Amino acid sequence: PAPAPGGMGDDKPGDCVKVALRMRPLSSKELGNNESSIVELAENTSTEGNGSVTINDPDGKEKPAEFAFDIVFGTQVLQQTVYECIGLPALNSMFSGYNGTIFAYGQTGSGKSWSMSGGGGELRGIIPRVNEQLFVKVEEQMAEVSTRRFLVMCSFFEIYNEIIFDLLNPSQDKSKLGAGLQVKEHPVLGIYVKDLQEMVVSDANKLGALMDSGIKNRAVSSTMMNSVSSRSHSIFTIKVHQKDEEDKSRNVFAKLNLVDLAGSERQKGTGASGQTLKEGANINKSLSALGNVINALVENANGKKVFVPFRNSKLTRVLQESLGGNSLCTMLAALSPAACNYEETLSTLRYANRAKAIKVSATKNEEASQISRLNAEIEELKKKLLESGGGGGGGGGGLMAEEERREMQAKFQAQLAEMQTMVNSTWEEKARFSTEQEAQMAKAMELHKRQQRAMQEEHKKRLRLFQDQA
């Protein structure tokens with residue numbers, strides 16, 4: 001992979017994608033169908049050694065297949081244990097200035113969203129626990145060093161039918177042609193989603209409320225395998241920027257991506273049709289693209305020079321830095337033990353087995369280094385702007401050349417203004433902008449609700465009129 005954007009601090013060389021396996025119990029539906037369990041586990045939740053998973057072919061045609069993984073959770077594992085093994089290390093690394101990604105993978109109904117989001121109380125998943133502990137750590141570190149300050153921001157989006165929608169600003173019509181946000185690449189900041197809302201948050205309650213609001217806006221449908229099947233991939237990102245007025249070397253920033261992938265599915269198993277079938281086809285297409293990216297990254301890790309097709313789907317594009325780039329990465333593979341899911345469970349195990357060979361090159365994100373790289377980029381843009389203002393172009397091509405020059409200058413000026421804003425914007429400005437955006441979104445949502453109510457009233461009025469005339 002190309003050198004990762006961000007700071008040029010300490011590297012964490014030789015790290016690979018960490019893979020954890022979690023198997024859910026047989027569901028009530030599977031028990032009702034007298035399904036048997038075909039998966040055997042040797043659990044491991046320690047940082048040393050490995051766990052193992054053995055899967056048996058229910059028809060007896062294939063030999064049992066055995067796989068070893070860093071972490072293997074059994075059916076009775078507590079949500080707290082899952083968080084401590086996967087969420088907590090990623091949170092600690094983020095506070096040290098390293099980007100992190102946790103993504104859940106598996107067939108539909110295997111328990112991905114349960115692991116990532118969970119239920120209430122002790123059944124909370126990785127994301128709500130990370131949200132809570134984030135601010136516990138902020139308070140501890142500020143109490144420890146009085147000059148240390150933190151800025152926490154979050155964003156939340158989904159990839160639905162290969163289109164990106166902002167879950168914190170859900171006013172867009174998902175059926176509208178050309179809707180959705182675009183993925184861009186910045187020479188210093190790397191891959192990002194343009195115009196995605198980033199909210200400044202000051203406590204766990206606000207962070208949790210934003211996450212809950214986003215989850216309600218996420219696309220779900222009922223299928224034969226899952227009554228609330230996720231029809232989109234979602235990515236919840238938390239950014240933490242630390243500053244210490246007395247020790248500038250502590251000025252670091254990092255982000256943690258918490259990814260809940262939609263489940264791979266077979267039409268026969270889900271009974272999907274119409275729009276739900278189209279959603280399933282797009283889900284499988286993007287997961288297939290992710291599989292191709294994983295295969296290519298494994299080939300590269302084994303010393304072969306292979307092109308990595310990150311641009312083949314929106315999902316692989318937004319995960320480009322997470323897989324083999326400037327990020328520590330953990331994959332949580334969710335399994336069903338039922339005999340009827342043998343093919344999908346074996347496919348998930350093979351997928352996860354390949355992923356653990358991917359090498360990542362996480363780099364400490366230091367503020368001073370990023371500012372210096374942004375300033376270098378600003379100087380480069382100023383130079384290009386100066387060059388684009390030079391004379392040239394006589395004869396018939398003069399008008400066109402002049403038009404091209406003006407367009408080029410406008411482009412460079414816009415890029416320059418954007419870069420200077422990035423370098424000069426203060427935390428207070430970011431917080432004020434976030435508050436203004438939130439107020440505008442609340443106003444837009446209230447207007448939308450009023451319009452919906454007015455439409456419903458109009459519909460009822462017309463129905464009554466029709467009934468009276470009849």
Side-chain angles (χ1 to χ4, degrees), residues 18-28 30-31 37 39 41-47 51 53 69-95 100-137 154 156 203-205 207-216 218 220 225-230 233-238 256-263 328-338 345 348 352:
K18 188 163 83 171
V19 178
L21 264 288
R22 184 177 190 181
M23 185 170 79
R24 65 162 172 79
L26 286 165
S27 68
S28 52
E30 288 162 350
L31 289 169
S37 175
V39 181
L41 303 179
E43 296 181 42
N44 180 56
T45 56
S46 72
T47 53
V53 181
F69 296 103
D70 301 302
I71 297 168
V72 175
F73 298 117
T75 57
Q76 302 304 311
V77 68
L78 300 174
Q79 293 279 63
Q80 174 69 17
T81 305
V82 175
Y83 164 73
E84 286 171 359
C85 292
I86 296 175
L88 186 57
L91 187 64
N92 289 337
S93 293
M94 181 169 68
F95 273 84
T101 297
I102 299 169
F103 73 95
Y105 175 82
Q107 75 176 107
T108 186
S110 59
K112 299 178 302 301
S113 296
W114 180 254
S115 292
M116 295 303 286
S117 300
E122 288 305 306
L123 300 178
R124 298 184 320 286
I126 292 170
I127 297 176
R129 289 175 189 270
V130 163
N131 292 349
E132 293 159 15
Q133 290 305 306
L134 168 68
F135 286 98
V136 170
K137 282 187 75 67
C154 75
F156 199 6
D203 58 63
N205 290 336
L207 194 57
L210 285 171
M211 189 193 77
D212 290 344
S213 165
I215 288 172
K216 284 174 189 167
R218 193 176 170 193
V220 296
M225 292 185 72
N226 188 355
S227 60
V228 283
S229 173
S230 301
H233 310 297
S234 74
I235 301 180
F236 185 70
T237 301
I238 303 168
L256 178 58
N257 298 313
L258 299 159
V259 185
D260 185 11
L261 299 177
L328 300 170
C329 184
T330 300
M331 173 182 180
L332 175 61
L335 304 180
S336 158
T345 300
T348 298

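Throughout, residue positions are numbered sequentially from 1 according to the sequence presented. Computed over heavy atoms, backbone and side chain alike; hydrogens, waters and symmetry mates excluded. Bear in mind that the values here come from a model prediction, so they are computed numbers and not experimental data.
Applying the side-chain contact (heavy atoms from CB on, under 4.5 Å) test between Phe156 and each of Ile235, Thr237, Ile215, Leu210 identifies Ile215 as the sole match. No option in Ile86, Leu41, Leu78 other than Ile86 meets the side-chain contact (heavy atoms from CB on, under 4.5 Å) test with Phe73.
With hydrogens and angles left out, the side-chain atoms of Ser234 and Asp260 include no donor and acceptor closer than 3.5 Å.
Using a 4.5 Å heavy-atom threshold, the side chains of His233 and Val259 count as separate. Within the 4.5 Å cutoff, side-chain heavy atoms of Leu207 are placed close to those of Phe236. Contact check for Gln133 versus Leu88: no side-chain heavy atoms found under the 4.5 Å cut-off. Within the 4.5 Å cutoff, no side-chain heavy atoms of Glu84 are placed close to those of Arg129. Side-chain contact check for Met23 versus Val72: every heavy-atom pair is 4.5 Å or farther apart. Taking 4.5 Å as the limit, some side-chain heavy atom of Tyr83 sits within range of a side-chain heavy atom of Leu91.
To the nearest 0.5 Å, atom CG of residue Asn44 and atom CD1 of residue Ile71 are 7.5 Å apart. Atom-to-atom distance recorded for Tyr105:OH and Ser110:OG is 9.0 Å, nearest 0.5 angstrom. The CZ atom of Arg124 lies 9.5 Å from the CD atom of Gln79; values are rounded to the nearest 0.5 Å. The structure places OG1 of Thr75 at 9.0 Å from CG of Leu26, a figure rounded to the nearest 0.5 Å. With rounding to the nearest 0.5 Å, the separation of NZ in Lys18 from OG1 in Thr330 is 4.5 Å. With rounding to the nearest 0.5 angstrom, the OG atom of Ser115 is 11.0 Å from the CD1 atom of Ile102.
Side-chain N or O atoms of Ser213 include none that pairs as donor or acceptor with a backbone N or O of Ala209 at under 3.5 Å. With hydrogens and angles disregarded, a donor-acceptor distance shorter than 3.5 Å links the side chain of Arg24 to the backbone of Gly109. No donor-acceptor pair closer than 3.5 Å links the side chain of Glu132 to the backbone N or O of Gly208.
Among all heavy-atom pairs drawn from Ile238 and Met94, the shortest one is O-SD, 3.8 Å. Taking every heavy atom of both residues into account, Gly106 and Thr348 meet most closely at CA-OG1, 4.0 Å. Across Gly119 and Trp114, no two heavy atoms sit closer than the pair N-CZ3, 3.6 Å. Minimum interatomic distance between Lys112 and Ala262 (heavy atoms only, all atoms of both residues): CE-C, 3.9 Å. Scanning all heavy atoms of the two residues, the minimum distance from Met116 to Ala104 falls at CG-CB, 3.7 Å.
Applying the side chain to side chain donor-acceptor pair (under 3.5 Å) rule to Ser117 yields no partners; only residues at least two apart in sequence or on another chain are considered. Residues forming a side chain to side chain donor-acceptor pair (under 3.5 Å) with Glu43 (at least two apart in sequence, or on another chain): none. Partners of Phe95 by ring pair (Phe, Tyr, Trp, His ring centres under 6.0 Å), not counting sequence neighbours, listed by chain and number: Phe150.
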